[in-house]
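The structure appears right after this line, and notes come after that.
Throughout, numbering of the chain's residues begins at 1 and tracks the sequence. Note that the coordinates shown come from a computational prediction; the quantities given were computed from them, not determined experimentally. Note that ligands are numbered from 1 as they come in the structure, with each ligand's atoms numbered from 1 the same way.
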Amino acid sequence: MKKFALAGNPNCGKTTLFNILTGSNAYVGNWPGVTAEKGEGVYKKGSEEVDIVDLPGIYSLSPYTSEEVVSRNFILDEKPDCVINIVDATNLERNLYLTTQLMEIDVPIIIALNMMDAVEKNGDKIDPKLLEELVGLPVVPISAMKGTGIKELMDRAIEVSKTPRKACTVLHNSPIAHLVGDVAIALEAKGVAAPLFHAVKLAEMDEIEVNMHRDIIHMVDAFKATFADDTFGTDIEAIIADARYKYITSEYVKAYTRNPRSDDSKSDKIDRVLTNKWAGIPIFLLILFAIFHCTFSESFLFSASWGLPSLEELGLLVDGEPANFGVALLACLYDGAIYSPGVIINNLWNDVIVGNLFGLVNGWVEQIPAEWAVGLINDGILEGLAAVLSFLPQILVLFLFFSILEDSGYMARVAFILDRIFRKFGLSGRAFMPMIMGFGCSVPAMINTRTLADEKEKTATVRVIPFFSCGAKLPILTAIAGAIVMRFGWGNADLITYSMYVLGIVTAIVSVILMRSTTMKGEVPPFIMELPAYHAPLFSSLMIHLWDKTKHFIKKAFTVILASTIVIWFISHFSFDWRMLSDEQINESILAGVGKLLQPVFTPLGFGAQLTEWGWVFAVAAITGLIAKENVVATFGTLAACVAGAVVAEDEEGISYVVAMVNATGITVPALLAFIVFNMTTIPCFAAVATARGELPTSKSFKWTIVFWLAASYIASAVVYTIGSAWWTLFIWLAVAIIVGVTIHFVNRRSKYAVV
Ligand code: GDP
Ligand code: MG
């Protein structure tokens, strides 16, 4: 099968094109550095099937970053049948810089002139025919986002791949043209493939090349001895870069006509506010809060305390239940206050769809004659699944907002603002991108840390990624926040969830400061990122993100979580001597035994020995969360029927399971918050742990990472629990923090002098 590679600058639309060609849905984000590893897929719609490889984005073929090395080695060593060079047409000159390097390799190339929709919208003009003549490579205008020009691109690429191409260069008029020519001949005589490319790199004294061709380097040295450029002296790398740009700006741009009336100051104006030194961060926190308010608030418009009539007062309820279907629908949006969009969707899903569906299935299952099977299916499996599935809509709403922020180009700005602060803590803004991805799922986020060049920065980032609460942890937050509001009438669900997210971020920052000033010391690499263009998020790409999330969630619910609930049900219904237990007896079960054994460990965090005889469920839930974080709430669901027999709340939501647990165990609000924090910061799920193991440089650093997670979660939740229970303990923690800070400061100073 033929193999085509997609190469281009970061953020030029490679992955978007890759997804269209192969029908996959790899991660597309509006910021540079999303694709850290190459992706592979198959294009099936042409005259023949073609293997497509999505390479990481690069600005040049030098060996400075891991992306450059991956892409360069792929093109040189794997010799694809055709390189599809994607060029962002809205940034023509800068993108063609890479093209001038690619054309020096003897490989068929075709230029995909992407983002033509945006060019047209700006009112600019690019003549693809003329560009093709000027560059000497086939050019096909496309829009990967709109899906136009794709067929033509692939037809021509297949055509182009049939004949080998001889390398050419734009350096033929530059002062080093002779040198490059002579070295290329020498390399060709040695039988080196792609001699022109290697000759240019050798002239640049590129490290990899110099080591490979030590026998020829004397030619470059001899040349340098007799040569000095007016502006760049003997810095041949600079001379070459300059020659490339000069050629592009004098020749290639003839194909481009700028809209005389265009004005790009609009996005500059927006940026002046959004990336403002002082306002940038408050604006970000505000936007984040607005998102949580829209997702979780039960008093989105008006508030229950404003005295608007509730459904009860309106006389629409019969025995506390909606009088008819119309009222049931109304109850999803309003009860004394108008709910936020997230809550409305959530209510519709739970009250109208999931509730009825599961009710129906429950009814069927009850026909089964075996009582234990009814218990297993209805109380164990279905309750567990319902507890998790009931949070799907809110997860999706939250991710919809995150995707909008990301696609519009705003998140890249946030990375830029945060770089200023992160730098003081020992991280670059680059580390922020994987962290933000962590809000979705830690696994791709950890993989994305490959874009961090510095090993210690990378390790520190992998460790704190789980603190950016992922989608699977959301049910824990939502269920417990909801239960706190429902059971204690305390606070707002949106405010609690928001604070917990922010607390996760704060824990991450504190941990990074600690690591970077003790075991992970090092310089912060410079962070250079161009800000991507703002654009209205595309509906279809938002839907792809959401569909991805849904698929992932459903798949997990019906595999890992389903299996876990079955296991949990069994070990909670059998005793150590293999007696089957009734619901009332589960305190004698294997699960309870294990839970009780672990329980004392959690006493300083508020969910240990101080609880009633049912208290072990919290210990057990925290442990099952190590398999998948959704399991925490699923465990409550599975055990609710037994533990809370008498106190199960009337509706089906996961929140009421937690309320039942609260009633049965007597856990306090600070302990519930500590429980959230513990789950958010402790060892992440299985999949994330395996990924961390692969991404961390050594197995020793992996072991320390596990220790770090345990310690971080234990300390963070102890802080929350003690301060929440007795506010004055705040001073004790502050004193500890000051002592630690001062000690680190002095130790660092001493060792500095010791080195000098
Ligand atoms: P990559 O970094 O090169 O893989 O780029 P992505 O595929 O992740 O895309 C970067 C951004 O450009 C995303 O926000 C895309 O939605 C956007 N994008 C990609 N192709 C087009 C296009 O043809 N037109 C426009 N207007 N935007 C595009
Ligand atoms: Mg990409």
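- Note: no N/O pair closer than 3.5 Å links P10 and ligand 1 by distance alone.
- Taking the six-membered ring where tryptophan is involved, the planes of F422 and F425 are tilted, since the angle between them lies from 30° to 60°.
- Residue pairs that meet the salt bridge (charged side-chain N to carboxylate O under 4.0 Å, His left out) test with at least one member in residues 75-87, sequence neighbours left out, are K3-E78.
- Residue D117 approaches ligand 1 through these ligand atoms, each under 4.0 Å from one of its heavy atoms: 22 (C), 23 (O), 24 (N), 25 (C), 26 (N).
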Intermediate values then yes/no, salt bridge (charged side-chain N to carboxylate O under 4.0 Å, His left out), D268 and R272 | CA-CA 6 Å; D268 289 350; R272 224 167 291 149; 5.5 Å; no
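- For G13, a nitrogen or oxygen atom sits less than 3.5 Å from a nitrogen or oxygen atom of ligand 1, counting backbone and side chain alike.
- Of the listed residues (E406, K146, E120, M145), the one carrying the non-hydrogen atom nearest atom 27 (N) of ligand 1 is M145.
- Using a 4.0 Å cutoff on heavy atoms, G57 does not count as a contact of ligand 1.
- Those atoms of ligand 1 with a heavy atom of T16 less than 4.0 angstrom away are 6 (P), 7 (O), 9 (O), 15 (C), 19 (C).
- Atoms of ligand 1 found under 4.0 Å from any heavy atom of N11, numbered from 1 in the order shown, are 1 (P), 2 (O), 3 (O), 5 (O), 10 (C), 11 (C).
- Between E104 and K201 there is no salt bridge, since no side-chain nitrogen of the basic residue lies less than 4.0 Å from a carboxylate oxygen of the acidic one.
- Classification of the Y97-Y245 ring pair by plane angle, with boundaries at 30° and 60°, yields parallel.
- Partners of N114 according to the side-chain contact (heavy atoms from CB on, under 4.5 Å) rule, which considers only residues two or more places apart in sequence or in another chain, are I86, I142, A144.
- Distances below 4.0 Å separate heavy atoms of A144 from the following atoms of ligand 1: 20 (N), 23 (O).
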